[in-house]
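Everything on this sheet refers to the single structure shown next.
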Amino acid sequence: MKAAEKTQEYKNSHIYRLRHSLAHIMAQAVLQIRPDAKLGFGPPVDNGFYYDFDFGDSPISDSDFKDIEKRMKKIVKQKQVFEASQKSLDETLQLLEETNQEYKIEYAKELVETGKAEGGQLGFYVNGPFIDMCEGPHLEDTGKVPKACFKLDKIAGSYWRGDEKRPMLTRIYALAFENVDELKDYIQRRELAKKREHRKLGAELDLFVIDDEVGVGLPMWLPNGTIIRDELEKWAHEVEFKAGYKRVSTPCITRSNLYHRSGHLPYYTEGMFPPMVIDDHDEYYLRPMNCPHHHKLYMSRPRSYRDLPIRLAEYGDVYRYEKHGSLAGILRVRAMSMNDAHIYCEQDQVKEEFTKVMQMYRFYYDHLRLGNFRVRLSLHDKDSEKFVDSEEEWVESENIVREVLRENNIDFDEEVGEAAFYGPKVDIQLSNVMGREETVSTCQLDFVMPERFDLEYTDRNGESQRPFILHRAPLSTHERMIAFLIELYGGAFPTWMSPVQVLIIPVNETVHEYAKQIESRLFDNMLRVETDLSGDTFNKKIRRGVTRKIPNIWIIGNNEMEEQAITWRRYCVKDQVKLNIDKACANLIRWRDERIMDNFDDIVIDE
RNA sequence: GCUACCGUAGCUCAGUGGUAGAGCACAUCCUUGGUAAGGAUGAGGCCAUGGGUUCAAUCCCCAUCGGUAGCUCCA
């Protein structure tokens, strides 16, 4: 089904009409207590609807919710009929000016000017005393709203037309579903989701902390979290080694000259920390990206076509001045470690290299069981100054990337204005437990930097050529990737990533010695193992091991000692199994070495 | 950065215009236990910070700093 048809079908659906009608009902109720409020947009959204208002000098707060809900219920009872009508622009403006609806006036004019209003006619819907410019559709009357199917949710600010230079409106979000049960079910699911939120689990599992005195958005990784980082990084080193990447290492602080050359100044200034001035005249910046340094390494000697592709990889620390209000745990930070690499290649190698990168992210995602993502082709916006001005090259490189996606049978959405300033991107988008979508992995085609850095290689004919550059980060940044993994796994990591891989719990003191023997055997195999020799009760030890989400608990008692065995209790599996110690060790080591995802219950112990 | 809400023990939270409580966690002792909380005792708080109102502020007001959600922005 095409996107347009899908939208039309959605707009005609009952849930859409219900939510849209409720938006009008809410607006009517809000106008009862704030008659001078100006209306913005009020569309249905995923779990309900919202409406934007300009309250001027008399703001509203969530303490008004009860009152508004009561008024909405009254409107529902009145069974106000929704009546559609059409008006010309003149009629529309006259009507809207009477009520001072400046935002609607702007939108009405725009709809007519851009030809989006069919025949220059604007749609209106009236229900009771409320009239709104709106294309519909709606329910027949307000009485068709099911009982208790909605609930006002939260208040948030929102710029008019999404433009931060324009007025900030007040947005009231509401939840709305087909019936009470669905509403309750959603609220319950949201409560449950909060429990696997990465910030909550990150604190519970001692993965990372963010300290005011260190700074907002500057997370510090505790030993447990650092293990997860190290394991991902080790993995990336192996995968990249096999794919022909070479590792490099470059500094996090750099003279401003580099960023004048790259164009980060001015294109990316807003995303950078302000400069440090040295010796009164010299400016240094914290780096927001690793690419310029890698380009310098590329230039460190003359390159031949025989050398290409050159793939320079670095888990590089970068610093970005993210707006304070957009920071969120480790999902959105100001200091991050990126699974970065830059691939320098000839023009006719671009497709193959791009394809290989796409295969690499696919490999990672399949392995980690990160299934629920969206692929976005991020294009430039020719009307925006955020992008390097070179229309022809933009279109050309966007075509290359689009073709790669098609040839690889990858479903994707195109979005204008989401590109990097130097080229189009393929972004892998994931949503967290609260429904917030972020870019995780990215692969970008860069046609700008070769020119700016005067990058060259000598081709078969001895002539100087510009290489193409791919920027890629399939494992994202540690911060963002681990935030998503924490939530996806609910904090229960597979053995290979787990801070503690095995917890040994002896049943009584007589087996302590045997427990210690097993512990040192695992330790000698480089496994992260702990033995609980505390004075707590057996039940308490089990409970503690489980709440720490340790993937493997090995129970040791007199029976096990006699048989040279252990009883294996896994975090994700109900049944436990008694196993000979040699076999148990072999299983564990294999899971670790092959990075088996034993935090899922389809992985079984090889007996 | 903007809008709204929030800030009490390590964590989850009660609470009051007359300078504070619970559970878990922590410490010590007792308990020697076969699959998710054994018992007792104890320690722990400038009630985010700075101003103001008041005889008196953790509580009311203002500012600052942090947090949450959304907008903008982005890996």
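Computed from a prediction, not measured in an experiment: that's the story for all the values here. First the proteins, then the strands, lettered A, B, ... as listed; each starts at 1.
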TODO: Step by step, work out the side-chain hydrogen bond (donor to acceptor under 3.5 Å, both in side chains) result for A/E560 and A/W554.
DONE: CA-CA 10 Å; A/E560 285 82 359; A/W554 283 8; over 6 Å; no
TODO: Indicate yes or no for a side-chain donor-acceptor contact from A/R287 to the backbone of A/D317 under 3.5 Å, with no hydrogens or angles considered.
DONE: yes
Task: Sugar-phosphate only, base, or nothing, as touched by A/V440 at under 4.0 Å among non-hydrogen atoms - done: sugar-phosphate
Open item on the list: Heavy atoms from C-beta onward define the side chain here; which of B/G70, B/A36, B/U3 lies closest to that of A/Y173?
Closed with: B/G70
- [ ] May I ask you to say what A/K386 touches in the nucleic acid, namely base, sugar-phosphate or nothing, with a heavy-atom cut-off under 4.0 Å?
- [x] sugar-phosphate
Open item on the list: Any N or O donor-acceptor pair under 3.5 Å from the base of B/G10 to the side chain of A/E204?
Closed with: no
- [ ] Could you work out the separation of B/A43 and B/U53 based on their P atoms and round it to a whole Å?
- [x] 39 Å
Task: Protein-nucleotide distance (A/K154, atom NZ; B/G70, atom P), rounded to Å - done: 5 Å
Task: Selected nucleotide, minimal atom distance to A/M168 side chain, candidates B/C71, B/A37, B/A69 - done: B/C71
Open item on the list: If you compare all heavy atoms of A/Y259 against all heavy atoms of A/M289, which two are closest, and at what distance to 0.1 Å?
Closed with: OH-O, 4.1 Å
TODO: Have a look at A/E270 and say if it touches a base, only the backbone sugar-phosphate, or nothing, with a 4.0 Å heavy-atom cut-off.
DONE: nothing
Open item on the list: Is the terminal nitrogen or CZ of A/R19 (NZ for Lys, CZ for Arg) located under 6.0 angstrom from the six-membered ring centre of A/F177 and within 45° of that ring's axis?
Closed with: yes
TODO: Check the angle between the aromatic planes of A/F208 and A/H198 and answer parallel, tilted or perpendicular using the 30° and 60° thresholds.
DONE: tilted
TODO: Could you work out the separation of B/G38 and B/C5 based on their C1' atoms and round it to a whole Å?
DONE: 43 Å
Task: Closest to the A/H324 side chain, choosing from B/U32, B/U35, B/G66 - done: B/G66
- [ ] Ignoring the backbone of A/T439, work out which of B/A75, B/C74, B/G38 is nearest its side chain.
- [x] B/A75
TODO: Give the rounded distance in Å between these two atoms: CD1 of A/I556 and P of B/U32.
DONE: 22 Å
Open item on the list: So if I define the base as every atom that isn't primed, P, OP1 or OP2, how would nucleotides 43-49 of chain B read as a B/S/- string at a heavy-atom cutoff under 4.0 Å?
Closed with: -------
Open item on the list: If I take atom CG in residue A/L218 and atom C1' in nucleotide B/A75, what distance separates them, rounded to the nearest angstrom?
Closed with: 16 Å
Open item on the list: Restricting to salt bridge (charged side-chain N to carboxylate O under 4.0 Å, His left out), what partner residues turn up for A/K234, sequence neighbours left out?
Closed with: A/E231
- [ ] Using a 4.0 Å heavy-atom cut-off across all strands, classify A/E418 as base, sugar-phosphate, or nothing.
- [x] nothing
- [ ] Can you tell me the distance, in whole Å, between the CG atom of A/D212 and the C1' atom of B/G7?
- [x] 11 Å
Open item on the list: Counting neighbours of CD on A/E270 that are heavy atoms of other residues, nucleotides or ligands and sit closer than 6.0 Å, is the number greater than 12?
Closed with: no
Task: P gap between B/A25 and B/U12, integer Å - done: 15 Å
Open item on the list: So A/N558, base contact, sugar-phosphate only, or nothing? Heavy-atom distance under 4.0 Å.
Closed with: base
- [ ] Find the distance A/L327:CG to B/C2:C1' and express it as a whole number of Å.
- [x] 14 Å
Open item on the list: If I compare all heavy atoms of A/V248 with all of A/H294, which pair ends up nearest, and what's the gap?
Closed with: CG2-NE2, 3.6 Å
Task: Distance flag, aromatic centroids of A/F49 and A/Y51, threshold under 6.0 Å - done: no
Open item on the list: If you compare all heavy atoms of A/Q501 against all heavy atoms of A/N552, which two are closest, and at what distance to 0.1 Å?
Closed with: O-ND2, 3.0 Å
TODO: Name the orientation class of the two ring planes belonging to A/F363 and A/W235 (parallel below 30°, tilted from 30 to 60°, perpendicular beyond 60°).
DONE: tilted
- [ ] With a 3.5 angstrom cut-off on both distances, give the Watson-Crick or G-U wobble partner of B/U68, or none if there isn't one.
- [x] B/A4
Open item on the list: Between B/C71 and A/R171, counting only base atoms on the nucleotide and side-chain atoms on the residue, is there a donor-acceptor pair under 3.5 Å?
Closed with: no
Open item on the list: Heavy atoms only, 4.0 Å cut-off, all strands: where does A/R334 land among base, sugar-phosphate and nothing?
Closed with: nothing
Open item on the list: Just to be sure I understand the rule, does A/V216 reach a base, reach only the sugar-phosphate, or reach nothing, if contact means heavy atoms closer than 4.0 Å?
Closed with: sugar-phosphate
- [ ] Check whether the side chain of A/T477 and the base of B/A75 form a donor-acceptor pair under 3.5 Å.
- [x] yes
- [ ] Tell me which nucleotide among B/A4, B/G1, B/U35 gets nearest to the side chain of A/F538.
- [x] B/U35
Open item on the list: Does A/Q444 reach a base, just sugar-phosphate, or nothing at all? Heavy atoms under 4.0 Å.
Closed with: nothing
TODO: Could you give the distance separating B/A56 and B/G52 at their P atoms, to the nearest angstrom?
DONE: 12 Å
Task: Shortest side-chain distance from A/E164, nucleotide among B/G34, B/U72, B/A75 - done: B/U72
Task: Length of the line joining A/H198:NE2 and B/G67:P, which is rounded to integer Å - done: 12 Å
- [ ] Run through A/R229, A/R320, A/R334 and flag the one making a salt bridge (charged side-chain N to carboxylate O under 4.0 Å, His left out) with A/E479.
- [x] A/R229
- [ ] Classify the nucleic acid contact of A/G325 as base, sugar-phosphate or nothing, counting any heavy atom under 4.0 Å across all strands shown.
- [x] base
Task: Touch class at under 4.0 angstrom, heavy-atom based, for A/R332 against every strand present - done: base
Open item on the list: Under 4.0 Å, counting only non-hydrogen atoms across every strand here, what does A/N508 touch: a base, just sugar-phosphate, or nothing?
Closed with: base
Open item on the list: Base, sugar-phosphate or nothing for A/D153? Non-hydrogen atoms, less than 4.0 Å.
Closed with: nothing
Task: A/I542, nearest nucleotide to its side chain (from B/U3, B/G34, B/A36) - done: B/A36
Open item on the list: Any base atoms under 4.0 Å from A/T510, or only sugar-phosphate, or nothing? Heavy atoms, all strands.
Closed with: nothing
- [ ] Pick the P atom in B/A57 and in B/A48, then give their distance to the nearest Å.
- [x] 15 Å
TODO: For nucleotides B/A69 and B/G15, find the distance between their C1' atoms and express it as a whole number of Å.
DONE: 27 Å
TODO: On the 0 to 90° scale, with breaks at 30° and 60°, tag the A/H471-A/Y422 ring pair as parallel, tilted or perpendicular.
DONE: parallel
Task: Residues in contact with RNA chain B, drawn from residues 40-70 of chain A - heavy-atom cutoff 4.0 Å - done: A/S61, A/D62
- [ ] Take the protein atom CZ of A/R543 and the nucleotide atom C1' of B/G33, then report the distance between them rounded to whole Å.
- [x] 17 Å
TODO: Assess the side chains of A/N558 and A/T510: does a donor N or O sit below 3.5 Å from an acceptor N or O?
DONE: yes
- [ ] Find the distance A/R166:CZ to B/U3:C1' and express it as a whole number of Å.
- [x] 17 Å
Task: B/U54 to B/C26 separation - P atoms, rounded to the nearest Å - done: 48 Å
Task: Gap in Å between the two C1' atoms, one belonging to B/U58 and one to B/A14, rounded - done: 14 Å
- [ ] Under 4.0 Å between any heavy atoms, over every strand shown, what does A/D163 touch: base, sugar-phosphate, or nothing? Just pick one.
- [x] nothing
